[in-house]
Amino acid sequence: MKKTLTVIVALALVLAFGKANACTNFLITKGASTDGSCMISYAADSHVLYGELYHYPAADWPAGTMRDVYDWDGGMFRGQIPEVAHTYNVVGNMNEWQLAIGETTYGGLEALWEGPGIIDYGSLIYITLQRAKTAREAIKCMGELVANYGYVSEGESFSISDTEECWILEMIGKGKQNKGAVWVALRIPDGYVSGHANQARITTFPLAKKNKTSITFKNIDKLLKDPNIDCVYADDVISFAKEMKLYDGPDEKFSFSDVYNPVDFSGARFCDLRVWAMFNKVTDNMKDYWGYATGRDIQRAQPYTAGMCQTPDNFPTNRMPLWVLPNRKISVLDMMDFMRDHLEGTELDMSQDVGAGPFHCPYRWRPMEFEVDGKTYIHERTTATQQTGFSFVAQSRGNQQFGIIWFGVDDTDNCVYCPMYTCMTEIPECFREGNGSMTEWSETSAFWTFNQMSNWAYTKYDHIHPEISKRQHEMETNWVENEVPKIDAHVFTIKGREAQVKELTKFSCSQADKMTQSWKRFYHQLFMKYMDGNLNTPGEPVKGQKYVPVNSKHPKYSDEYYQILIEKTGDKYKAY
C-alpha cells in the first residue's frame with residue numbers, strides 16, 4: 001500500500017509540475033477592493049517561458065478573412081477559424097475594455113485530454129480577449145469557440161474579470177472521440193475574494209432546472225441580458241460524466257472538481273495550499289482548513305481510489321470554500337504582496353528550515369520530489385517561485401476609463417510590477433516580444449535584467465533580498481499613490497481618445513524602460529556591495545588619496561548553520 005501511494009504521489013507531482021503551466025490566480029471583486037476595482041492576478045510559472053508582454057493591436061477585417069490558430073505552448077499550426085469584423089486592442093492578458101483573463105492548468109483526468117479540434121487554452125484566452133468586452137461576453141465566446149472548433153488542452157481554471165464582475169470558469173475536454181468541452185462558470189459574489197492554483201475548485205453548483213439564476217449553455221444569451229444570472233454550464237457537464245462512468249449519483253450532488261479533477265495529496269499540498277495562503281491573509285478562520293490544505297487530512301466518507309467512478313461519498317467533506325469574505329478591503333499593493341508568498345508565518349515557512357541554507361533562501365531547486373532511504377519526500381510549492389516567466393495584477397477600474405495591467409517578469413518576490421495601460425498601442429522595448437529569448441541575451445530586456453538580480457539574491461538572500469523588497473515597495477507605492485493618479489488626472493484634460501491613448505502609451509513605455517535601466521544600475525550596486533561574500537561600503541574620501549577607500553565587512557553564516565555544520569562534521573574543523 002505504501003509503495004502504491006508513493007507511486008501515485010510521484011506521478012501526481014510530475015503531472016502537476018513537469019509542465020509549463022503551474023500558475024497561480026487570485027480574484028478580487030469590486031466590493032472587496034479599496035477603490036472599487038475588480039482585480040485578478042496571474043503568474044506564468046514555467047522553467048522555459050520567456051517573460052515578455054504580448055500585444056494584439058485593434059484591427060478591422062474584411063468579410064471572409066480567416067484566422068490562423070497556433071498551439072500556444074508549442075507553436076504548432078492547428079487550423080483556421082473565421083475572423084470577426086473588428087478585434088480589440090490587447091496588452092498581455094487584458095484588453096482595451098478592461099476585460100482580463102488568467103488561467104491555471106489543473107490537468108484533470110488524462111483520458112479527457114486532447115480531443116479533436118484546434119482551440120487550446122492559450123488561443124481560447126487571446127482570441128476571446130480580442131472579441132469580448134465584458135466577462136459575460138467572454139464566457140459566451142469561450143463556450144462557442146470550444147463547441148464549434150473543439151478543445152485540445154488539459155483541464156483549465158480561468159479567471160475572468162471586467163470593471164463590474166469576477167468569474168471563475170473551469171473546463172476540461174471530452175476525450176479523443178468527443179469534440180468540445182464540459183465546463184462550469186460561476187460569478188464570485190461581490191465583496192468576496194477567490195483563487196485557484198492548478199487544482200479545480202468548483203464543486204457543486206446551482207442547477208438551472210431548480211435555480212432561476214443558473215442557466216445552461218443552450219440559453220447562453222440570457223447571460224448577457226439578465227444581470228442576475230450567476231452560473232452557466234455546459235449542457236452535458238453532468239450527463240457526460242455519467243455516460244463515461246465517471247460519476248454515479250444525483251445531479252444536485254455532482255461536483256465538477258471531484259469528478260473531473262479529484263483532489264489528492266498533490267492537489268491539496270502543492271495547489272490549494274497557495275490559495276489557502278492568500279485566504280489566510282484576509283480572513284480569520286483558515287486554520288480550520290490547514291489539515292486539508294497540507295494534504296494531511298483530506299476527509300472522505302469512503303476511501304478514494306484513482307480511476308474509480310466517483311460518488312458523493314468519495315468527495316472530500318473538508319475542502320476550502322471557493323470564495324471567502326475578507327476582513328478588510330484589498331488594494332492593488334496587497335495583490336502584489338499576495339503573489340510574493342513563501343508560506344511565511346506557518347510551520348512550512350520555506351526560509352526557516354535547513355533547506356534554506358545559511359542565508360535563509362526560501363527557494364528549492366527542482367525536482368519537487370526526492371527519495372531518502374526508499375521514502376518519498378517533497379519540497380513545498382509556494383506562490384512565489386524562481387521559474388516564473390511573467391506575472392501580473394490586472395486592475396479593471398470601474399471609476400476610470402482606462403484599465404491597467406501591472407506587469408512584472410521573473411520571480412514575483414523579486415520583480416517590480418509596472419503599470420501598463422491596456423489601451424496602449426506600443427509595447428516598451430524592455431518587455432517587447434523578440435527582445436531576447438531563453439537562448440538569446442539582451443541588455444535591454446527586463447527579463448534578463450531581473451533574472452540577474454534575483455539569481456544574485458538567492459546566493460545571500462537574507463542580506464540582499466531586504467534591499468530588493470525595500471526598493472520594490474518604494475517604486476510600486478510611488479506609482480500607485482503618485483504617478484498613476486497624476487497621469488490619470490492629466491489625460492482627462494486632453495481632448496479626444498486617440499490623443500489620450502497616445503499619452504498613456506508614452507507614459508507606460510517610459511516608465512517600463514526607466515524601471516529596467518534603474519534596476520540594472522541597482523543590480524550593479526548590489527553586486528559590488530555583496531561581492532565575494534563580503535559587505536562592501538564606500539569609506540570617507542581621504543584628502544590627497546587617489547581612490548575612495550572601501551570598508552569591507554564579513555557577515556557570518558547563521559548560528560543554526562554553524563550548529564548543523566559541526567553536527568555533521570564532528571571535530572573535523574575543531575581548532576586546537
A.B. asks: Can a donor-acceptor pair be found between the side chains of Ser123 and Asp120 at a distance below 3.5 Å?
C.D. replies: yes
A.B. asks: When the ring centroid of Phe279 is compared with that of Trp323, is the distance short of 6.0 Å?
C.D. replies: no
A.B. asks: Is there a donor-acceptor contact under 3.5 Å linking the side chains of Ser445 and Tyr50?
C.D. replies: yes
A.B. asks: Ignoring hydrogens and geometry beyond distance, is a side-chain donor-acceptor pair present between Ser159 and Asn25 at under 3.5 Å?
C.D. replies: yes
A.B. asks: Is a donor from one side chain sitting under 3.5 angstrom from an acceptor on the other, for Trp406 and Glu476?
C.D. replies: no
A.B. asks: Can you pull out every ring pair (Phe, Tyr, Trp, His ring centres under 6.0 Å) where at least one residue sits in residues 331-361? Sequence neighbours excluded, please.
C.D. replies: His342-Tyr363, Phe359-His463, Phe359-Tyr557
A.B. asks: Tell me yes or no: between the side chains of Glu156 and Thr105, is some donor less than 3.5 Å from an acceptor?
C.D. replies: yes
A.B. asks: Establish, from distance only, whether the side-chain atoms of Tyr121 and Asp73 form a donor-acceptor pair under 3.5 Å.
C.D. replies: yes
A.B. asks: Report yes or no: does Ser33 contribute a side-chain atom to a donor-acceptor pair with the main-chain N or O of Ser331 at less than 3.5 Å?
C.D. replies: no
A.B. asks: For residues 502-509, which side-chain N or O atoms pair as donor and acceptor with protein atoms under 3.5 Å away, sequence neighbours left out?
C.D. replies:
{"from": "Thr505", "atom 1": "OG1", "to": "Thr425", "atom 2": "N", "distance (Å)": "3.1"}
{"from": "Thr505", "atom 1": "OG1", "to": "Val501", "atom 2": "O", "distance (Å)": "2.8"}
{"from": "Ser508", "atom 1": "OG", "to": "Tyr421", "atom 2": "N", "distance (Å)": "3.1"}
{"from": "Ser508", "atom 1": "OG", "to": "Leu504", "atom 2": "O", "distance (Å)": "2.9"}

A.B. asks: Are Arg340 and Asn414 linked by a side-chain donor-acceptor pair shorter than 3.5 Å?
C.D. replies: no
A.B. asks: Do the side-chain N and O atoms of Asp35 and Gln395 include a donor-acceptor pair separated by under 3.5 angstrom?
C.D. replies: yes
A.B. asks: Does a donor on one side chain sit under 3.5 Å from an acceptor on the other, for Trp441 and Glu443?
C.D. replies: yes
A.B. asks: Taking the six-membered ring of Tyr70 as reference, does the cationic atom of Arg78 (NZ for Lys, CZ for Arg) lie under 6.0 Å from its centre and within 45° of its axis?
C.D. replies: no
A.B. asks: Just to verify, what does Phe390 make a ring-ring contact (aromatic ring centres under 6.0 Å, His included) with, not counting sequence neighbours?
C.D. replies: Tyr42, Tyr54, Phe407
A.B. asks: May I ask you to decide if Phe447's main-chain N or O and Asn451's side chain share a donor-acceptor pair within less than 3.5 Å?
C.D. replies: yes
A.B. asks: Is any side-chain heavy atom of Tyr461 less than 4.5 Å from a side-chain heavy atom of Asp413?
C.D. replies: yes
A.B. asks: Is the distance from the ring center of Trp479 to that of Tyr417 below 6.0 Å?
C.D. replies: no
A.B. asks: Would you find a donor on one side and an acceptor on the other, under 3.5 Å apart, between the side chain of Trp456 and the backbone of Leu526?
C.D. replies: yes
A.B. asks: Would Thr24 and Arg274 count as having a side-chain donor-acceptor pair, cut-off 3.5 Å?
C.D. replies: yes
A.B. asks: Within the distance-only criterion (no hydrogens, no angle test), does the side chain of Asn89 pair as donor or acceptor with the backbone N or O of Thr422 below 3.5 angstrom?
C.D. replies: yes
